[in-house]
Protein chains: 2
Amino acid sequence: MGESSRIAGQDSLRADARRNRRRILSAARVVFAEHGIDAPMATVARRAGVGVATLYRRFPTRDALVRAAFAHQMDICARTLTEALADPDPWQGFQRLVETVCELQRAERGFPAAFVAAFPDSTREHARVREQTERDFMTLVRRAQAAGALRADFHPSDFAVALLSHCGLVTALPGDRAASRRLVAYLLQSFRAEAAHGALPAPSALSLRSLPLAAHGSQGQRPSSA
Amino acid sequence: MGESSRIAGQDSLRADARRNRRRILSAARVVFAEHGIDAPMATVARRAGVGVATLYRRFPTRDALVRAAFAHQMDICARTLTEALADPDPWQGFQRLVETVCELQRAERGFPAAFVAAFPDSTREHARVREQTERDFMTLVRRAQAAGALRADFHPSDFAVALLSHCGLVTALPGDRAASRRLVAYLLQSFRAEAAHGALPAPSALSLRSLPLAAHGSQGQRPSSA
DNA sequence: TGGCAACCGGACGAGATCGTCCACTTGACC
DNA sequence: GGTCAAGTGGACGATCTCGTCCGGTTGCCA
């Protein structure tokens, strides 16, 4: 598993509190899927059969709730990257990474919104994990390029470009799996070395830091900072 | 120009009313760019130096305001399609169409949100224009395919896929022109016939009807409906 | 210049959401 | 079983947005 249970979190809770926590998370996923990530907190609480105060005590901000609700998906992302690095065929790993993340985006309706929401690094530990993830991804890219499978002018930020645009697509067309798959197929094709025909415009200066690949914490409890 | 001034619209207004109308539209573009398309109507009114009532009288719904504010952009889209059809090189026309629409999306900040917002056909005339636009686009596609420039398995819905995903990208990264240009370049490359390597997954059933290429009206004044 | 119809804008009531406070309940440990 | 800290939930005040109403103003035409 990934980055769960940190900082004396849910384990030290009383039994009923732990049960309520789980209920809240489950309800949050459902509600976020139905009404988007901006759904009223009270709706989540009602759905969980819990008072608003309980919800706010456990997750002081909406961010905290969102992060915790989709922590599982984020863990899967991180694990897929690890597996991709272990794959003897680097292109295979790269391709699977893109496909898996996009699959997650299209499967869990609220996830895309959570995906683009910018979460500040809450702890030093998170920052460390994120940096390691970035390094791992760079390694994967270089390896795939060295193997002659990934085009030489592919820039790491292109990965973010792909994910963010796919994210926008599934947000605009929730439920249209065909459209999502099409985009992924087109993008993967144009990332292949054989596809490199003309020159590309300059890459974005965007870093990967804001993508949940970098496994943000699942707990919350940050000061506030809007 | 395109589809402006219909149904005894702004022309029959008194001089001061017409002036206020223009002020409102100008303010709306600024406010939508800054705070998104969901910005409070009162903010737009204040920025325009106008009372809320005036704003509501002129544009009964937010939809109406949004449509009118970006009518110019929509006209440009429609015109670009016409020019693309007239271009002797169909690929050139196709490419320029994609680039122009994406250029508009990245230039005017509120436009992407307006772009994906689903506007119901308000009049029979709008429906007619939209259908004609769809036919024109299909013609362009077929022509480019016949010329051997556009890949044979390109499906018209792929155009919507491209625009919607690009739209999501610029929404997530407003101001990052490099990212936008990169995505467009990648997509155009993979639409070229030479790029067709493996088979693509099935296309989406999505129609182009909801895209502003089809030049929705710029007036508003629909009953209400949402 | 005078009159009227169109136009204007601020105030206002309704409705929604947020996040906190506090009196009551319950699980865990002795 | 008793104690008490941890946990609970609903009520509440603050804030925000919407869309309408109405008394005052102004452009336009005779």
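Chain naming here is simple, since letters A, B, ... match the order of the sequence lines and numbering starts at 1 in each. All heavy atoms count here, side chains included; hydrogens, waters and symmetry mates do not.
The side chain of B:Arg62 places no N or O atom within less than 4.0 Å of a non-bridging phosphate oxygen (OP1 or OP2) of D:dG19. Using a 4.0 Å cut-off, no side-chain N or O of B:Asn20 falls inside it from OP1 or OP2 of C:dC7. Of the side-chain N and O atoms in A:Thr54, none sit less than 4.0 angstrom from OP1 or OP2 of D:dG7. At least one side-chain nitrogen or oxygen of A:Arg58 sits closer than 4.0 Å to the OP1 or OP2 atom of D:dT8.
Across the protein-nucleic acid pair, B:Leu65 atom CG and D:dC18 atom C1' stand 14 Å apart, rounded to whole Å. Rounding to whole angstrom units, CG of residue B:Asp38 and C1' of C:dA16 are separated by 15 Å. Following rounding to the nearest Å, A:Arg21 (CZ) and D:dT8 (C1') show an atom-to-atom distance of 17 Å. Atom CE in A:Met41 sits roughly 17 Å away from atom C1' in D:dG10 (whole-Å rounding). If you measure from atom CG of A:Leu55 to atom C1' of C:dT20, you get 13 Å, rounded to the nearest angstrom. Between the P atom of D:dG7 and the CZ atom of A:Arg23 lies a distance of 16 Å, rounded to the nearest Å.
For B:Phe191 and A:Tyr186, the gap between ring centers is short of 6.0 Å. Aromatic rings from A:Phe94 and A:Phe154 are positioned such that their centres are separated by under 6.0 Å.
Formation of a donor-acceptor pair under 3.5 Å by the A:Asp176 side chain with backbone atoms of A:Ala179 is found in this model.
Nucleotides of DNA chain D nearest to B:Thr43 and A:Val52 differ in position, and the one nearer the 5' end is that of A:Val52.
The terminal axes of the helix from C:dT1-D:dA30 to C:dC30-D:dG1, fitted over 5 pairs per end, subtend an angle of 10° to the nearest 10°.
Side chains of B:Gln189 and A:Leu200 form a contact here, defined as non-hydrogen atoms less than 4.5 Å apart. For the pair B:Glu83 and B:Arg96, the minimum side-chain heavy-atom distance is 4.5 Å or more. The side-chain heavy atoms of A:Arg67 and A:Met74, taken from C-beta on, include no pair separated by under 4.5 Å.
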* To do: Using a 4.0 Å heavy-atom cut-off, write out nucleotides 22-30 of chain C from 5' to 3' as B (base contacted by protein), S (sugar-phosphate only) or - (no contact).
  => ----BSS--
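More than 12 heavy atoms of other shown residues, nucleotides or ligands fall within 6.0 angstrom of atom CZ in B:Arg62.
Residue B:Arg46 is classed as having no contact, given no heavy-atom separation below 4.0 Å to the nucleic acid.
A salt bridge between A:Glu134 and A:Arg130 is present, with a side-chain N of the basic residue lying under 4.0 Å from a carboxylate O of the acidic one. Look at A:Glu125 and A:Arg128 and you find a salt bridge, because one of the NZ, NE, NH1 or NH2 atoms lies within 4.0 Å of a carboxylate O, short of that distance.
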